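Worksheet: the structure to be examined is printed underneath.
Computed from a prediction, not measured in an experiment: that's the story for all the values here.
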Amino acid sequence: MKKRLLFFASLLLTVIQASAQQNNHKLIYNKPATQFEEALPLGNGRLGVMVYGGIQTERFSLNEATLWAGGSVNPDMNPQAKTYLKPVREALFAENYKKADSLVRFMQGKFSESYAPLGNLFFDFKHQGEPAAYQRELDIQNARSKVSYIINGTTYTRETFVSHPDQLVVVRFTATGKDKLDFTCHLNSLLQHKVSSNGKVLSMNGHSPVHVSPLNHGNEVIWDDVNAMRFTAQVKVLKTDGKSNAKDSILHISDAREAIIVLSMATSYNGFDVNPGTHGKNELKIAEAYLKTAAPYAVLLKNHTQDFRKYYDRVQLTLGDEDRAALNTVDRLNAFAAGKNDNALVALYYQYSRYLLISSSRPGGQSTNLQGIWNEKVQPPWSSNYTTNINAEMNYWGVETANLPEMHQPLLDFIGRLSKNGAVTARNYYGAGGWVLHHNSDIWAITNPVGDFGKGSPAWANWPMGGNWMATHLWEHYAFTQDKVYLKEQAYPLMKGAVQFCLDFLVADKKGNLLTAPSTSPENNYVTPSGYVGSLLYGGTADLAIIRELFNDYVKASELLNADPDVRNQVKTALKKMLPYHIGKAGNLQEWYHDWKDEDPKHRHLSHLFGAYPGYSITSAANPELANAVRKSLTVRTNEGTGWAITWRINLWARMQNGERAYDALKKLLRFVGNGAEVKMNGGGTYANLFCAHPPFQIDGNFGGGAGIAEMLLQSHQGYIELLPAIPVEWKQGQVKGLIARGGYTLDMQWENGKLISAQLKAKKAGDCKLKYGNKIISLSVAAGGTYNLSELL
């Protein structure tokens, strides 16, 4: 009888949730956006659009993923750098940290370049009268934005999508009522440009700067029309039942019930190691080709929808409170901040993270930067570059669990490009083999220590662990996909190169422990007993945790492929000799070689906890004492921080199986931040358009937040798959389908009153797997393609 009741309850819940799912995929607003943080993002991996939804004037801010300042770089830019390595190490081991901090600045190179905004497309409407019934929305399930309003009894709508199959921005305008469409459109840009038309196509052609300094390091913007990357934007009327004309810099449509506009964009980017000005691609022909082959609107829409949903629909999530799904998004954020529970908002946020990744990271394209692909400033915060001491990697933390392995590929390909410049940097800065990457990079794959040749703080500039951290993604992609061909041909050689750098870079301390020198804990400072505040030391915990993770990954890959036994044995020997983790006198995981205090005890970075997440050399099952030290460190750091820093806390608390602390951090992440928010290192939250507030905007928090929600629902890093390891009491009931665990397993789960009531596993290949729920663990022998009811765990 009990089982029958559970069955009917489960069936009813499924029906209710299926209905709710139709509604909980939209961001909804009742007024136009006034700032970037209110506009709605669309993208196809290469083309990015922010839709403002204006009434008299609509603005689309435009981006193309390859449009950056600068050009190909000479990685051998500081030939004297390696001569300072020995004196830096001598100063460190003599405990002269001030001298080491000073000397290491001579081991810096140039800053990265900036991601550039292409421009804006404006639509100016000749409306007469006051608007009513205004609504704009972003349908993340279908990747379409919609704006609608009524003026003088006529309903105006415009729907926009960015097609990956057809590589076009597509806009459909309609007017239903007595009045008709009458509007003009024009283009502009903050970059050097010219606008023209040939009667049918409106074109904007220009080029980016050859150098843009980081915003906090001067206002230098250098132009050069020979060597700079070129760009084009071309607008065409695909169809209208009215009149259209393109003249000078204006495209005019009038007397129309319907108008369909298509926009094509392209750049001269021809590879990270090619001058985009003198040897670039023909951007005009590329953009023209997409316009010429544009299909009718119905075909464009069908192609786009099928392409997007084949990725998006892989995962479903409901957590309850679906009755709130039709409410205004800002109202929901405000209510949530005031303590009104809205689990549907959490589910929407998770799916939004997946939406943003599908929209900004596609196979064959560029890896997502600090702002995904959406930026409208020539000098964006932190150059909108690849910040590799957490942020670039965080963008892809949740990609595999979210059933989007294809979207990981741009980062994995980027690692390959980095390895080429990184090999030169390793040799010229450290006299080491393999390849290395530091704190920042860009589309040109720079790998040197940044800092503008001595002006940057060693706390961030002189950090050589970026490549090693990146390389852990190579193994993770295999762990989830079980793609052995990829492992052999792409991942393993890159992992081996990162390993070789580490083997050459590690040195022994006075006790014979292998460690790094110089070392930092990214962007944090220590305070010595004598009161010196510094950043450079030897044997930082973060460095060793990252290298330990990379070494363990390499050993597994080498054994699986039966490759390079000599290197594998070197790595195993090094692992045994590496400085172990230490627990400080306060019970925390020690961040520095010595048990020193932090200059900022609540620092946003949690780099020394890398071994617990995203790594897993520290787990609650295998290392309970170290796990308790991680919990202590998290408690000291608090759940406050910038947006992305809060998401790191979500993931760490989830790894520590503490759903309440994870949910507390999640609530802080969803704290509504109004427009014009200033940068506060402990003031992160969420903007009106659900973009993460660093502040200002950084997209890593969206991706890290999505990863954290998934980590609360499913974990697979301890040698078994754990179901619902960290759900809070607020998530009393829910259902998730399509999450992926390491080993290539697909999991579906349903729970009520906080208890699992059904679970199903689908295996990608034959083998043995273990599953855990609560205190119960079971073992399964599975067949490739087999589906298994996990009733034994219930």
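- Under the 3.5 Å distance criterion, the side-chain polar atoms of Asp564 are left unmatched by any main-chain donor or acceptor of Val567.
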Could you check Leu793 against Leu723 for side chain to side chain contact (heavy atoms under 4.5 Å, CB included), going step by step and ending with a plain yes or no? CA-CA 9 Å; Leu793 281 173; Leu723 311 184; 3.8 Å; yes
Applying side chain to side chain contact (heavy atoms under 4.5 Å, CB included) to Asn468 and Val499, what does each step give before you reach the verdict? CA-CA 8 Å; Asn468 304 325; Val499 162; over 6 Å; no
Got a list of side-chain donor-acceptor pairs under 3.5 Å for residues 607-614, not counting sequence neighbours?
residue	atom	partner	partner atom	Å
Tyr613	OH	Asn651	OD1	3.2

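- Of the possible donor and acceptor atoms, one in the side chain of Asn403 sits under 3.5 Å from a partner among the backbone N and O of Gly738.
- Counting heavy atoms from C-beta outward, His717 and Arg742 have side chains that approach closer than 4.5 Å.
- When side chains are defined from C-beta on, Tyr745 does not count as touching Lys762, because their heavy atoms never get closer than 4.5 Å.
- The nearest pair of heavy atoms linking Ala344 to Asn24 is O-ND2, 3.0 Å.
- Taking OG from Ser361 and OH from Tyr396, the interatomic distance works out to 3.0 Å, rounded to the nearest 0.5 Å.
- A distance-only check finds a donor-acceptor pair linking the side chain of Tyr386 to the backbone of Ser367 [under 3.5 Å].
- Gln735 and Glu752 form no side-chain donor-acceptor contact under 3.5 Å, judged by distance and modelled atom types alone.
- Counting only distance, with no hydrogens or angles, the side chain of Asp321 and the backbone of Asn343 share a donor-acceptor pair below 3.5 Å.
- Side-chain polar atoms of Asn569 and Asp566 form no donor-acceptor pair below 3.5 angstrom.
- A donor-acceptor pair under 3.5 Å links the side-chain atoms of Asn395 to the main chain of Thr368, judged by distance alone.
- At least one side-chain heavy atom of Leu317 sits under 4.5 Å from a side-chain heavy atom of Leu713.
- In this structure, Tyr478 and Tyr492 have side chains that are not in contact, with every pair of non-hydrogen atoms separated by 4.5 Å or more.
- A donor-acceptor contact closer than 3.5 angstrom is absent between the side chains of Gln141 and Asp139.
- Side chain of Asn702 to backbone of Leu690: a donor-acceptor contact under 3.5 angstrom is found.
- Across all non-hydrogen atoms, the minimal contact from Pro41 to Leu356 is CG-CD2, 3.9 Å.
- Cation-pi geometry between Arg568 and Tyr554 is not satisfied (NZ or CZ under 6.0 Å from the ring centre, within 45° of the ring normal).
- A cation-pi arrangement, defined by a distance under 6.0 Å to the six-membered ring centre and an angle within 45 degrees of its axis, is present between Arg548 and Tyr581.
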Salt bridge (charged side-chain N to carboxylate O under 4.0 Å, His left out) between Asp553 and Lys556: does it pass, once the steps are laid out? CA-CA 5 Å; Asp553 291 348; Lys556 288 182 283 190; 3.8 Å; yes
Yes or no on salt bridge (charged side-chain N to carboxylate O under 4.0 Å, His left out) for Glu591 and Arg637, after CA distance, side-chain angles and deciding distance? CA-CA 12 Å; Glu591 185 164 3; Arg637 279 290 210 265; 3.0 Å; yes
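- To the nearest 0.5 Å, atoms CZ (Phe551) and CG (Leu544) are separated by 10.0 Å.
- One finds the CG atom of Asn44 at 9.0 Å from the CG atom of Asp307 (value rounded to the nearest 0.5 Å).
- A donor-acceptor pair under 3.5 Å links the side-chain atoms of Glu549 to the main chain of Tyr616, judged by distance alone.
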Given His25 and Gln351, is the side-chain hydrogen bond (donor to acceptor under 3.5 Å, both in side chains) satisfied, shown in steps? CA-CA 8 Å; His25 298 274; Gln351 292 288 31; 5.1 Å; no
Before you tell me yes or no, could you show the steps for Arg417 and Asp413 under salt bridge (charged side-chain N to carboxylate O under 4.0 Å, His left out), namely the whole-Å CA-CA distance, both residues' side-chain angles and the distance that decides it to 0.1 Å? CA-CA 7 Å; Arg417 299 191 290 275; Asp413 293 343; 5.5 Å; no
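- Listed here is the closest heavy atom pair of Trp653 and Asn639: NE1-OD1, 3.0 Å.
- Proximity of Leu756 to Met749: side-chain heavy atoms (C-beta onward) are separated by under 4.5 Å at one or more points.
- Considering CD1 of Ile373 and CZ of Arg362, their distance stands at 10.0 Å, rounded to 0.5 Å.
- Using modelled atom types, one side-chain atom of Glu660 and one backbone atom of Val729 make a donor-acceptor pair closer than 3.5 Å.
- Inter-residue side-chain proximity for Leu503 and Val571 is flagged as met; some heavy-atom pair is nearer than 4.5 Å.
- Taking the six-membered ring where the residue is Trp, Trp648 and Trp644 present tilted rings, their angle falling between 30° and 60°.
- Of all non-hydrogen atoms in Cys769 and Val782, the two that sit nearest each other are SG-CG1, 4.3 Å.
- For the pair Asn588/Ile583, no side-chain contact is recorded, criterion being any heavy-atom separation below 4.5 Å from C-beta on.
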List the steps, then state whether ring-ring contact (aromatic ring centres under 6.0 Å, His included) holds for His164 with Phe308. CA-CA 8 Å; His164 183 266; Phe308 188 86; over 10 Å; no
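- With 3.5 Å as the limit, one finds a donor-acceptor pair spanning the side chains of Asn142 and Arg309.
- Heavy atoms of other residues, nucleotides or ligands lying less than 6.0 angstrom from NZ of Lys764 number more than 12.
- One distance of note links OG1 of Thr516 with CE of Met465; it measures 5.5 Å at 0.5 Å rounding.
- Pairing each heavy atom of Ile547 with each of Cys502, the nearest pair is CG1-SG, 3.8 Å.
- In this structure, Arg314 contributes its side chain and Lys310 its backbone to a donor-acceptor pair below 3.5 Å.
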For ring-ring contact (aromatic ring centres under 6.0 Å, His included), just list the numbers for Trp397 and His473, CA-CA rounded to whole Å, side-chain angles, deciding distance to a tenth of an Å, and then say yes or no. CA-CA 9 Å; Trp397 275 0; His473 280 257; 8.3 Å; no
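- Residues Ile740 and Thr401 are not in side-chain contact: their nearest non-hydrogen atoms beyond the backbone lie 4.5 Å or more apart.
- Shown here is Lys755, whose NZ atom has no more than 12 heavy atoms of other residues, nucleotides or ligands within 6.0 Å.
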Between Met470 and Leu418, does the side chain to side chain contact (heavy atoms under 4.5 Å, CB included) criterion hold? Intermediate values first, please. CA-CA 10 Å; Met470 285 275 206; Leu418 291 165; 4.1 Å; yes
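- For the residue pair Tyr788 and Ala783, the shortest heavy atom distance occurs at OH-N, 2.7 Å.
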Step by step, work out the salt bridge (charged side-chain N to carboxylate O under 4.0 Å, His left out) result for Glu559 and Lys572. CA-CA 12 Å; Glu559 290 175 343; Lys572 287 183 175 180; 3.0 Å; yes
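- Although no hydrogens or angles enter the test, the distance criterion places no donor-acceptor pair under 3.5 Å between the side chain of Arg649 and the main chain of Asp664.
- Once rounded to the nearest 0.5 Å, the distance linking CD of Gln715 with CZ of Arg655 reads 6.0 Å.
- A side-chain donor-acceptor contact under 3.5 Å links Gln657 and Ser620.
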